[in-house]
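Labels below follow one simple rule: chain letters A, B, ... track the order of the sequence lines, proteins then strands, and each chain is numbered from 1.
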Amino acid sequence: MPELPEVETTRRGLVPHLVGRRVRGAVVRNPNLRWPVPGDLSGRVEGEEVLDIRRRGKYLLIDFRRGHLLVHLGMSGRLSLVADDAPPNRHDHIDLQLEGHQALRLTDPRRFGAMLWIPEAAEGHQLLASLGLEPFAPEFTGAALRERAKGRRVAVKQFLMNGRIVVGVGNIYASEALWHAKIHPLRSVARISPEAWNRLAAAVRQTLKRAISAGGSTLRDFAGIDGRAGRYQQRHDVYGREGKPCRRCGAKIRAIRQGQRSTFFCPKCQK
DNA sequence: CTTTGCACCTGTTGGC
DNA sequence: TGCCAACAGGTGCAAA
């Protein structure tokens, strides 16, 4: 379940365990992720020390002296720390073997995730170069969103989910943020007032921030030996609540589809 | 240029 | 109970 909050939670959980630690190699059981996992991955990371772990959008960057490991969790990916002799399950595709008889294990049933090696400065990489605003950066404001909407007429929900505009807002939090901002998901970005853009920017930040705090409780499970354990159930205001009363006005929450994805909203208080 | 729909893949769920 | 279609938290890419 990787949206930005989950990825950030993963990053925070990994930092104390990985930074400063050396990698012994990598075991790739199935290289067929979104892009083929490089065959020389193990040689690339062997003997390298983890310098830092960063996040850009939903991408994780594990920094080494000689390069960076770019990790994406796709729809169903998960990273966990395991004992390095822990028997792999069907979807445990990659182990990054660490000093101290542990491994960082990538599990991903649907294999929409990715693990790539970037030899140069990571920022210049194709996949990262054209990414949009980070929701927690100071540049992420209503005015910046409004500026980027100029000349466009897409529905605001799809605009929000466009990673070249804003990163990190997935299908759940797009619906949630629009509900908080009281904006109808089908509304064209050409017809949003400056005030509404401000509300939206604030709502995106607030929604993601709250979810990260909630994700903090999965942090402990994550850092645990087996990496499994129960997941925190985020309380959503509209997502998955079709037919249930709006928590603000009591009207029935509606579900529609936009671009092959479900959208939830309150028809009464979102305009 | 913007917008739309497809593709990738496995697992779960709900209706018949 | 079993079967099958629809759907699931992402996103790059081709085509319109």
Side-chain angles (χ1 to χ4, degrees), chain A residues 1-11 29-37 55-60 70-79 88-94 106-116 118 125-133 135 145 147-179 185-191 204 207-208 210-212 214-215 218 222 228 231-243 255-264:
Chain A
M1 37 174 200
E3 294 218 22
L4 183 147
E6 191 67 23
V7 176
E8 178 61 20
T9 297
T10 298
R11 191 192 69 79
R29 297 185 198 84
N30 186 351
N32 303 310
L33 302 188
R34 172 143 203 197
W35 296 284
V37 177
R55 179 187 58 74
R56 178 72 175 100
K58 293 171 192 160
Y59 290 95
L60 281 174
L70 180 73
V71 182
H72 198 288
L73 298 177
M75 289 276 248
S76 57
R78 195 175 63 223
L79 288 171
N89 293 311
R90 183 141 108 91
H91 301 299
D92 296 341
H93 309 308
I94 303 176
L106 175 68
T107 307
D108 186 3
R110 292 177 75 177
R111 288 188 274 120
F112 289 171
M115 190 176 284
L116 297 173
I118 306 178
H125 192 272
Q126 269 263 303
L127 293 171
L128 303 178
S130 50
L131 288 182
L133 297 165
L145 287 176
E147 176 64 30
R148 274 155 217 251
K150 280 201 178 127
R152 295 174 185 264
R153 28 194 50 251
V154 259
V156 60
K157 196 240 186 181
Q158 301 189 263
F159 179 80
L160 258 191
M161 290 181 65
N162 181 347
R164 288 165 179 260
I165 308 286
V166 194
V167 293
V169 183
N171 197 45
I172 292 178
Y173 296 115
S175 284
E176 293 293 310
L178 287 166
W179 180 82
L186 289 173
R187 176 170 285 271
S188 163
V189 294
R191 302 175 193 281
V204 166
T207 306
L208 293 178
R210 239 183 37 185
I212 291 172
T218 56
F222 166 81
R228 307 205 66 114
R231 54 168 77 146
Y232 181 90
Q233 193 56 44
Q234 168 77 24
R235 172 194 159 109
H236 301 306
D237 288 305
V238 282
Y239 190 85
R241 298 193 64 240
E242 182 180 13
I256 56 173
R257 281 188 87 73
Q258 285 181 278
Q260 300 106 258
R261 310 204 89 94
S262 45
T263 299
F264 298 85

Open item on the list: Does C:dT11 have OP1 or OP2 under 4.0 Å away from a side-chain N or O of A:Arg34?
Closed with: no
TODO: Kindly write out the residues that satisfy ring-ring contact (aromatic ring centres under 6.0 Å, His included) with A:Phe112, not counting sequence neighbours, or none if the list is empty.
DONE: none
When you compare the protein's N or O atoms with those of nucleotides 14-16 of chain C, which come within less than 3.5 Å of each other, and at what distance?
none

Task: Nucleotide nearest A:Lys58 (side chain, heavy atoms from C-beta), chosen from C:dG12, C:dA8, C:dT11 - done: C:dT11
Open item on the list: In this structure, how many angstroms lie between the P atom of C:dC7 and the CD1 atom of A:Ile256, rounded?
Closed with: 14 Å
TODO: Rounded to the nearest angstrom, tell me the gap between atom CZ in A:Arg111 and atom P in B:dC8.
DONE: 12 Å
Task: Residues in side-chain contact (heavy atoms from CB on, under 4.5 Å) contact with A:Ala255, at least two apart in sequence or another chain - done: A:Glu242, A:Phe264
Task: Atom pair distance, as rounded to whole Å: CH2 in A:Trp35 and P in C:dG10 - done: 14 Å
- [ ] Drop me the distance from A:Leu60's CG to A:Leu79's CG, to the nearest 0.5 angstrom.
- [x] 6.5 Å
Open item on the list: Can you tell whether the side chains of A:Arg210 and A:Asp237 come within less than 4.0 Å, N to carboxylate O?
Closed with: yes
Enumerate the protein-to-nucleotides 3-5 of chain C contacts in which both atoms are nitrogen or oxygen and the separation is below 3.5 Å.
none

Open item on the list: Nearest 0.5 Å, please: how far is CG in A:Leu73 from CG in A:Leu106?
Closed with: 7.0 Å
TODO: Quick one: pull up CG in A:Asp92 and OG1 in A:Thr107 and give me the separation to the nearest 0.5 Å.
DONE: 3.5 Å
Open item on the list: Applying side-chain contact (heavy atoms from CB on, under 4.5 Å) to A:Leu70 and A:Leu128, what does each step give before you reach the verdict?
Closed with: CA-CA 10 Å; A:Leu70 180 73; A:Leu128 303 178; 4.1 Å; yes
TODO: Give a yes or no on whether the backbone of A:His91 and the side-chain of A:Asn89 come within a donor-acceptor separation of less than 3.5 Å.
DONE: no
Task: Base of B:dC8 and ring of A:Phe112 stacked, centres under 5.5 Å, planes under 30° - done: yes
Open item on the list: Treating A:His93 as the side-chain partner and A:Asp108 as the backbone partner, does any N or O pair qualify as donor plus acceptor under 3.5 Å?
Closed with: yes
TODO: Would you indicate, yes or no, if C:dG10 has its OP1 or OP2 atom less than 4.0 angstrom from a side-chain nitrogen or oxygen of A:Tyr173?
DONE: no
Task: Donor-acceptor side-chain pairing of A:Glu176 and A:Thr207 below 3.5 angstrom - done: no
- [ ] Grab the two heavy atoms, one from A:Leu145 and one from A:Phe159, that are nearest each other, plus how far apart they are.
- [x] O-CZ, 3.7 Å
Between the protein and nucleotides 1-5 of chain B, which nitrogen or oxygen pairs are less than 3.5 angstrom apart?
| unit_1 | atom_1 | unit_2 | atom_2 | d |
| --- | --- | --- | --- | --- |
| B:dT2 | OP1 | A:Arg152 | NH2 | 3.3 |
| B:dT3 | OP1 | A:Arg153 | N | 2.5 |
| B:dT3 | OP1 | A:Val154 | N | 3.0 |
| B:dT3 | OP2 | A:Arg152 | NH1 | 3.3 |

Please tabulate, for side-chain N and O atoms in residues 147-155 of chain A, each donor-acceptor pair with protein atoms closer than 3.5 Å (sequence neighbours left out).
| unit_1 | atom_1 | unit_2 | atom_2 | d |
| --- | --- | --- | --- | --- |
| A:Glu147 | OE1 | A:Lys150 | NZ | 3.1 |
| A:Arg152 | NE | A:Arg148 | O | 3.2 |

- [ ] Please report, rounded to the nearest Å, how far the P atom of C:dT11 is from the CD1 atom of A:Ile165.
- [x] 14 Å
Open item on the list: Over all strands shown, is A:Gly170 touching base, sugar-phosphate only, or nothing at heavy-atom distances under 4.0 angstrom?
Closed with: sugar-phosphate
TODO: Measure from CZ on A:Arg257 to C1' on C:dA6 and round the result to the nearest Å.
DONE: 8 Å
Open item on the list: My understanding is that only residues two or more places apart in sequence, or in another chain, count here; which of them pass side-chain contact (heavy atoms from CB on, under 4.5 Å) with A:Arg191?
Closed with: A:Arg187
Open item on the list: Using a heavy-atom cut-off of 4.0 Å across all strands, would you classify A:Leu127 as base, sugar-phosphate, or nothing?
Closed with: sugar-phosphate
Task: Whole-Å distance separating the CE atom of A:Met75 from the C1' atom of C:dA6 - done: 13 Å
TODO: Please list every stem that involves DNA chain C, where a stem is a run of 3 or more consecutive Watson-Crick or G-U wobble pairs with both pairing distances under 3.5 Å.
DONE: B:2-8 with C:10-16, B:10-16 with C:2-8
TODO: For A:Glu242 and C:dC7, give me the distance from atom CD to atom P, rounded to whole Å.
DONE: 11 Å
Task: Set of residues satisfying side chain to side chain donor-acceptor pair (under 3.5 Å) with respect to A:Arg56, sequence neighbours excluded - done: A:Glu134
Open item on the list: Given 3.5 Å as the limit, does a donor-acceptor pair link the side chain of A:Arg55 with the main chain of A:Val7, or not?
Closed with: no
- [ ] Go along nucleotides 11-16 of chain B 5' to 3' and tag each nucleotide: B for a protein heavy atom under 4.0 Å from its base, S when only backbone or sugar atoms are that close, - otherwise.
- [x] S-----
- [ ] Using ring-ring contact (aromatic ring centres under 6.0 Å, His included) as the criterion, list what pairs up with A:His72, not counting sequence neighbours.
- [x] A:Tyr59
TODO: Return the value, rounded to whole Å, for the distance between atom CG of A:Leu73 and atom C1' of C:dA8.
DONE: 16 Å
Task: Heavy-atom donor-acceptor pair, A:Arg261 side-chain to C:dG10 base, under 3.5 Å - done: yes
Which donor-acceptor pairs under 3.5 Å do the side chains of residues 164-171 of chain A make with protein atoms, sequence neighbours left out?
| unit_1 | atom_1 | unit_2 | atom_2 | d |
| --- | --- | --- | --- | --- |
| A:Asn171 | OD1 | A:Lys157 | NZ | 2.5 |
| A:Asn171 | ND2 | A:Ser262 | O | 3.1 |

Open item on the list: Is there a side-chain contact between A:Ser76 and the phosphate of B:dC9, meaning an N or O under 4.0 Å from OP1 or OP2?
Closed with: no
